[in-house]
J.: 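Before we start, here is the structure in question, set down as structure tokens.
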2 protein chains.
Amino acid sequence: MPRRVPLYKRVRQRLAAALEKGLWRPGEALPPEPMLAKRFGASVGTLRKAVDELVAENLLVRRQGSGTYVGSHTRDTMLARFFPMVDRAGDKRLPQSWLLSFRRGRASAAIAALLHLPRGAPVFEIDNLLSLDDEPLILDRIRLPHALFPDLTEAIFAEREATIYALYQSRYGVTVVRTEESITAALAEERACQLLRLTPPAPVLRVVRTAYAWHSQPVDTRVRLIATRRHHYRSVLGQR
Amino acid sequence: MPRRVPLYKRVRQRLAAALEKGLWRPGEALPPEPMLAKRFGASVGTLRKAVDELVAENLLVRRQGSGTYVGSHTRDTMLARFFPMVDRAGDKRLPQSWLLSFRRGRASAAIAALLHLPRGAPVFEIDNLLSLDDEPLILDRIRLPHALFPDLTEAIFAEREATIYALYQSRYGVTVVRTEESITAALAEERACQLLRLTPPAPVLRVVRTAYAWHSQPVDTRVRLIATRRHHYRSVLGQR
DNA sequence: TAGTGGTCTAGACCACGTG
DNA sequence: ACGTGGTCTAGACCACTAC
């Protein structure tokens, strides 16, 4: 445990806290750097070092000549940061989404552990099918805590304008910053084969994905079956 | 195309070129920052910004009070950066390696494309089995270009002291900085089932991994079948 | 104790974007 | 033309490591 916390780390923390509190909305510009530096009692150089870290974590975006902005979940950031599937040519495109079912339920032991909830806590249970070019690609079984999304309804979910994460951010002030996925190989069950248009015995990727907001707060978790006929999961290890 | 390249970017390039040339060996310390700054005709602050970038890419490692060192492939870096498999508890351990076969061959069209070689160029063809706790986990079919590893023999490969990437680095001066993996689901063939101790029909992860050195120079490529009985592939998307 | 990288400052000038 | 972030400098002091 470091006794002495550097000034730029403390500035970083205070800035992050202000962002989390919603002091500036997603997409909105922060005050100019000299003003922020004065407010936090630091030099511009030190303030910049704090901002550098938040930019590296995609919480802030710098635009030279214009300003520093609060990061927001657009289709582009979604595709670049959270959608791992590429086609044979290595290209990415956002899939179409098809809502299969929307229910209220209670968290099982496994779901409760992943979402850091008490067992039996109310959750939304959503089944969703993602397709590219009318070919089914991903079957999602999503669970999200009632506590974070109190007034969510099937209509709100189905009629969202952008991605699911963008809905979390714009309507509930919850910003997903990281997801963790665990990938195994599995044989698709009969119903999954029908929905994904596969003929048994069909091997699929079985991905358990949990999304987190700041402070590693779990936002949603899903079990995802992926048909890798024409697309594959791309993973880059090492630098960058 | 930027007309004006910032000084710290030019310093970064010259530093990276010196590293690639092997001016300092992996694990060796660079000269102190004030001396490097003077050599490159920049202030210490600018030199530090260049070093920051190379540290972020894992090419350099800073140790306060001691110096700045050339990064080297230890078992730890291997595990942390290039080995994606974790057990149920989320823990990682390096697997044992078992050499199945070592041959000389010619690059097929597919291999040649991945390794940026002319078709038919000489390559080494290595089959390798990775196990954890005497349970087979990964079956690797590795291809590497003769050109990069001219005097490689089965004995040198089999009797290496550390990891394969560490061998590339210490004996051939080739440092892997990035790998790209494409993951699909597949059913293991009969021989793969035997080697991985699976009973058909057995779903496995089929991973095509290509490793790159600086300038995106391909170093090796492998087709890897992974049995996900007790371990899964962990992938983190978004920040960090 | 000497030498290393880590933090912090103050200020000058540049490149870019917006009006 | 103005205001923004981007680059670059010079120097002071701190924290850590090695001897």
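Worth saying up front: this structure is predicted, and the values here are computed from it rather than measured. Throughout, a chain's letter reflects where its sequence line sits, starting with A, and its residues are numbered from 1.
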J.: So, A:Tyr233 and B:Ser235: side-chain donor and acceptor under 3.5 Å apart, yes or no?
T.: yes
J.: Scan side-chain atoms only and decide if B:Ser66 and B:Tyr69 contain a donor-acceptor pair under the 3.5 Å cut-off.
T.: yes
J.: May I ask you to test the A:Gln217-A:Val174 pair for a side-chain heavy-atom distance under 4.5 Å?
T.: no
J.: Roughly how many Å is it from OH in B:Tyr69 to C1' in C:dG5, rounded to a whole number?
T.: 10 Å
J.: Any side-chain heavy atom of A:Thr179 within less than 4.5 Å of one from A:Phe82?
T.: yes
J.: From D:dG6, D:dT17, C:dG5, pick the nucleotide closest to the side chain of A:Gln64?
T.: D:dG6
J.: Can you tell me the distance, in whole Å, between the CG atom of A:Leu60 and the P atom of D:dG5?
T.: 11 Å
J.: With respect to the phosphate group of C:dT4, does any side-chain polar atom (N or O) of B:Arg63 fall under 4.0 Å of OP1 or OP2?
T.: no
J.: Working to the nearest 0.5 angstrom, can you tell me the gap between A:Arg234 CZ and B:Glu181 CD?
T.: 10.5 Å
J.: What's touching nucleotides 7-10 of chain D from the protein side, N or O pairs under 3.5 Å?
T.:
residue, atom, partner, partner atom, Å
D:dT7, OP1, B:Tyr8, OH, 3.0
D:dT7, OP2, B:Lys49, NZ, 2.9
D:dC8, OP1, B:Leu7, N, 2.3
D:dC8, OP2, B:Leu7, N, 3.2
D:dC8, OP2, B:Tyr8, N, 3.0
D:dT9, OP2, B:Ser43, N, 2.8
D:dT9, OP2, B:Ser43, OG, 2.7
D:dT9, OP2, B:Thr46, OG1, 2.5

J.: Assess whether atom CZ of A:Arg141 is packed by more than 12 heavy atoms of other residues, nucleotides or ligands within 6.0 Å.
T.: no
